[in-house]
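Heads up, the thing below is written out as structure tokens.
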Amino acid sequence: MSTFAFQTIDQKWQQFWKENQTYRVAHNSDKPKYYVLDMFPYPSGSGLHVGHPLGYIASDIIARYKRLKGYNVLHPMGFDAFGLPAEQYAIEHGVHPAISTEKNIATYRRQLENIGFSYDWSREIRTSDPEYYRWTQWIFLQLFDSWFDRSQQKALPIADLEAIFAAEGNLSYPSPGQKDLHFNAADWGHYPEAQQREILMGYRLAFLDHASVWWCEALGTVLANDEVVNGVSERGGHPVERKKLRQWFLRITEYADRLLEGLEQVDFSDSLKEMQRNWVGKSYGAEIDFEIEGHAEKLRVYTTRPDTIFGVDFMVMAPEHELVAQITTTGQQAEIDAYLSYAKSRSEVERMADKKISGCFTGAYAVNPFDGRLIPIWTAEYVLAGYGTGAIMAVPCGDERDFAFAHHFGIAVTNILGDQFNGEEANPTKDGVLHNSGFITGMGMREGIEAVIEALAGKGIGKRHTNYRMRDAGFSRQRYWGEPFPVVFRENIPYALPESELPVELPHVDNYGAGPDGQGPLANLPAWTQLPDGRLRETNTMPGYAGSSWYFLRYMDPHNETAFCDRTISDYWNQVDLYVGGTEHAVGHLLYSRLWTKVLCDLGHISFDEPYKKLLNQGKIGGDSRLAYRIRGTQTYVSAGLKADYETDEIHVDISMVQGFELDVEAFRNWRPDFAQAEFILENGKYLCGGRLEKMGKRYFNVVNPDDMVAQYGADTFRMYEMFLGPIDTDKPWDTQGIEGVHRFLRKLWRLFFDEKAAKSLWTDQAPSAEELRVLHRAIRKVEDDLERLSFNTVVSALMMCVNDLTDLKCSSKAILEPLLVILSPYAPHICEELWQHLGHTESIVFADYPVWDESLIRENTVELPIQVNGKMRAKITVPVDMEEAEVRKIALADPGVVKFLEGKEPKKFILVKGRIINVVV
RNA sequence: GCCCGAGUGGCGGAAUCGGUAGACGCGUCGGUCUCAAAAACCGAUAGGUUCACCCCUGUGCCGGUUCGAGUCCGGCCUCGGGUACCA
């Protein structure tokens, strides 16, 4: 057993860990806890490629490292198993999603186990498991049964709100759903149940509302924005229309401020926090009511720049704005009708792609409340119905879009910026002085904002207003493969099912097609939807992010049948200390799971309101594609170096047929029938391919499977190499050639323990030399420092250097080799376990103590000082560390290299930093 | 357009606090072993000049601060990511 048989070693230890449940953890421990979590995967049909495990390897290294440092580590894995691809596969192939998902999970687990992760698999969860989604449904009911108290900024039970209504009405508690709803206690008492429940719906955190969606009558289904092109359905070209449908929503807007404030407490990257802030999109300004000449109605606008009110030259309403129809004059009616039908036919996608200026004058005028000027009211696409009040006051001299619009339609521009406005383009500055602006003329703009808001408030026609870009989150899907809602309708009023009836299990269907009236496939099952007592089940299912919003809690207590997670257990494991995953979930999953955590905390079910203490976003690994060049119109392929002489088409070649850049032409001919007749123009007897870095994916034939890497080089090599590729948080290309270097390193490590030729072990009980100790302890320090700051790639370099040095020193001392294995084991657990056992240990290296580095062993007796003259390196001198400064100077000045550049002059100044660097200034 | 982030050898990258730029690895070249090749191992490898030492240049570009700048400041250029008629 003295050769490095990595396949045997991998298998042996993976089996050992499984049989001994080495990584099983319990919550009752005196050790400090550490929770390190991966974003769980959606098990797709194509399995893992080498890009996927990058984050898993990093988190596994941290998990193993923290275990060695004496922490009780929770490191679980599971599967986000509900989702669209499985359902799409079912529609196309008739395979039930449960079956294809099961199969995919089996593949994922096998691939993950090959890499030697230290997951506690006894905690595995699947979001599509009824024992799991039972609690997803339960949390939904918590959301349904609660409301957000703005004065306390937290969620409370809906029963509390009912008590408030009965006692005092809603006068202190305006409805987020119906802004103009006011009633007192007596009113509430007289409302029939249906009306009471309708009112409560306006407060619930999970609520039903009518939302505008694209409806296609011919296809009998709702379409997403990107499925509608040029006003017709992408598939089939059928007409579509805007339709209001009743959908479930989560009232995430109430938590906007909490979600922003929470970002201060968590350790996420600046860019990710910025993405979340932009998503919430909080802005400060005012709502202003403008009188409309000849009408009783007011036109309410939202603006962040009330100070520019004297520069308003026109008003714009969104085409969907309800006042458009009311105020349009007879003279303008025909033009407006034409414009509205044009606007209605354009999807949001088209609006975004094609931003030409369009609009139409309504014929009506608003009145400037300060100077009485009449302001023409227009409608135009560039104002969105969904943001602010759906209407704006346009200030062309200060806003680019308003300026472009004014320019396009020949509207005269008022200048309130003095010479800060050049008449050519708008100037959106906030740091200017206001001109030509009535009572605020001469004021600074920031000051002007306050003055105008005050004046508006005094007249009762405007007030300070904070606006958010974020909308309430749609929570309904007309799909099959998701969590059913635990809700039933009686006379069209939704009621929560009692907890005892959970889980509402997803029934079996044979047909995955849409149901009637924009409903999902479940609506095709009357036996399921219609309860014997006449109540009707909700037929929508929950979206993909439902199950993933709380899964980190279930891992803590995965088999609990009476609660989603026991409170004492969640108190122990608490927040996720390190959460590892990609940025693609920056504003989706991360925001929703932060929301659910806050609600569960407010309702007293857990003790913390941010799920993830620290977030690490791993980069993506790109594929290194290979291209062959086919001369256009022929079956002849020209080698990359000669292609300039021909007109060619690029063909992606499967990377398995290429060594470096050299194509195996026989394999290429056998690859696909249409290549069988291929001829090649070679250079130097070889066909060389071109290379390109791009996304790793099937269609580019550049996918590298981790299974192949593990089979060829072993799990340890694969793990270390993935970390060695570069900083964990940047995108980087995969280069299979480079993996050899890491493999050589592990062989070199092996040879430190075994003489393979003589088939004998090399370690001894000999005391280590000072130099050996220095090498080891430097490595311990470096590995620890780098892991604490999540610099995974530099750790590999440090370990390689350590082994290189120990090899040069012919180190054989067990006192060095043992700690070396411990610090290496998070990266290369299999080989370390094996060697650890050879050294005579009976217990797994997992239970070893992490060695402590000793500064005094690292410090050297002499130090090499670089000597600069006038800032340029001129000499190096070696002196004892504790040598007096004056003595160091004497030696430095006597050095021939320095003497030469002093040119006989006396030094003016010496610079001495940390006793290490000297600069002699002449 | 706006907001982030990054530009270092042939390549991936290192330099943690402003202090010997290019660690570690790949590739390439040379060597050992071999009849030979592969594998393995050893050595060289920023560019210029040179037999070699020296010396000079060098971290996207221009300028600044400093005894000293890849690192800090100002102005550009390029690439990557996010986001967008958000008033």
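Chain letters run A, B, ... following the sequence lines, proteins first, then strands; residues in each count from 1.
For Arg751(A), taking side-chain heavy atoms from C-beta onward, the closest of the listed nucleotides A15(B), C41(B), G12(B) is C41(B). Distance from the side chain of Lys748(A) is smallest to C42(B) among G27(B), C42(B), A87(B). If you check A14(B), G82(B), A15(B) against the side chain of Asn793(A), the one that comes closest is A14(B). Comparing G13(B), G25(B), A87(B) against the side chain of Pro727(A) picks out G13(B) as the nearest. Taking the side chain of Asp786(A) as heavy atoms from C-beta on, and the options C42(B), A87(B), U16(B), the nearest nucleotide is U16(B). For Asn804(A), the side-chain atoms get nearest to G25(B) when compared with the rest of G25(B), G82(B), A40(B). Across C24(B), C3(B), C86(B), the shortest atom-to-atom separation from the side chain of Met800(A) is found for C24(B). Nearest to the side chain of Thr794(A), among U16(B), C86(B), A14(B), sits A14(B). You'll find that the side chain of Ile392(A) is closest to A87(B), out of A87(B), A40(B), G13(B). Residue Met275(A) places its side chain closer to G82(B) than to any other of C3(B), C26(B), G82(B).
One atom, CG of Leu725(A), and another, P of C26(B), lie 13 Å apart when rounded to the nearest Å. Counting to the nearest Å, the C1' atom of C41(B) and the CZ atom of Phe745(A) are 17 Å from each other. One can place CD of Gln276(A) at 17 Å from P of C4(B), the figure rounded to the nearest angstrom. The separation between Phe792(A) atom CZ and G12(B) atom P is 22 Å, rounded to whole Å. We find that CZ of Arg747(A) is positioned 17 Å from C1' of G25(B), with the value rounded to whole Å. For Ile739(A) and C26(B), the CD1 to P distance is 12 Å, given to the nearest whole Å.
In summary, Arg446(A) and Asp431(A) engage in a salt bridge, as defined by a charged side-chain N under 4.0 Å from a carboxylate O.
When the side-chain nitrogen and oxygen atoms of Arg401(A) are compared with OP1 and OP2 of A84(B), none of them lie within a distance under 4.0 Å.
Contacts of Asp785(A) with the nucleic acid, taken as non-hydrogen atoms under 4.0 Å apart, are absent. Heavy atoms of Lys782(A) sit under 4.0 angstrom from at least one base atom. Within 4.0 Å (heavy atoms only), Arg744(A) reaches sugar-phosphate atoms of the nucleic acid but no base atom. In this structure, Ser271(A) reaches the sugar-phosphate backbone alone: every heavy-atom distance under 4.0 Å involves primed, P, OP1 or OP2 atoms, never a base.
Nucleotide G5(B) forms a Watson-Crick or G-U wobble pair with C79(B), both donor-acceptor distances falling under 3.5 Å. With both pairing distances under 3.5 Å, A46(B) is matched to U57(B) as a Watson-Crick or G-U wobble pair. Summarising the base pairing, A39(B) is matched to no nucleotide, lacking a Watson-Crick or G-U wobble pair whose two defining distances lie under 3.5 Å. Using N1 to N3 plus N6-O4 or O6-N4 for Watson-Crick, or N1-O2 and O6-N3 for G-U wobble, each under 3.5 Å, A69(B) pairs with nothing.
Taking atom C1' in both A15(B) and A23(B), one finds a spacing of 8 Å when rounded to whole Å. The gap from the P atom of U16(B) to that of C4(B) amounts to 24 Å, rounded to the nearest Å. The gap from the P atom of U49(B) to that of G10(B) amounts to 15 Å, rounded to the nearest Å. For the P atoms, the distance linking C42(B) with C55(B) amounts to 32 Å, nearest Å. C3(B) sits 11 Å from A84(B) when the C1' atoms are compared, rounded to a whole Å. Here the separation of A44(B) from C76(B), taken at their P atoms, is 46 Å to the nearest Å. A40(B) and C79(B) have their P atoms separated by 41 Å, with the value rounded to a whole Å. Comparing the P positions of G9(B) and G58(B) gives an interatomic distance of 14 Å, to the nearest angstrom.
The residue among Glu400(A) and Lys732(A) whose nearest nucleotide of RNA chain B lies closer to the 5′ end is Glu400(A). In terms of position along RNA chain B, the nucleotide closest to Leu272(A) lies nearer the 5' end than the nucleotide closest to the other residue of the pair Tyr387(A) and Leu272(A).
Taking the six-membered ring wherever Trp is involved, the centroid distance between the rings of Phe718(A) and Tyr713(A) does not fall below 6.0 Å.
Using cut-offs of 30° and 60° on the angle between ring planes, the pair His465(A) and Tyr302(A) is perpendicular. Below 30°, between 30° and 60°, or above 60°: for Phe403(A) and His407(A) the angle between ring planes is below 30°, a parallel geometry. Classification of the Phe314(A)-Phe405(A) ring pair by plane angle, with boundaries at 30° and 60°, yields parallel.
Looking only at atom types and distance, the side chain of Asn617(A) has no donor-acceptor partner in the side chain of Thr583(A) under 3.5 Å away.
Asp289(A) pairs in a side chain to side chain donor-acceptor pair (under 3.5 Å) with only one of the listed residues (Arg300(A), Lys463(A), Lys298(A)), which is Arg300(A).
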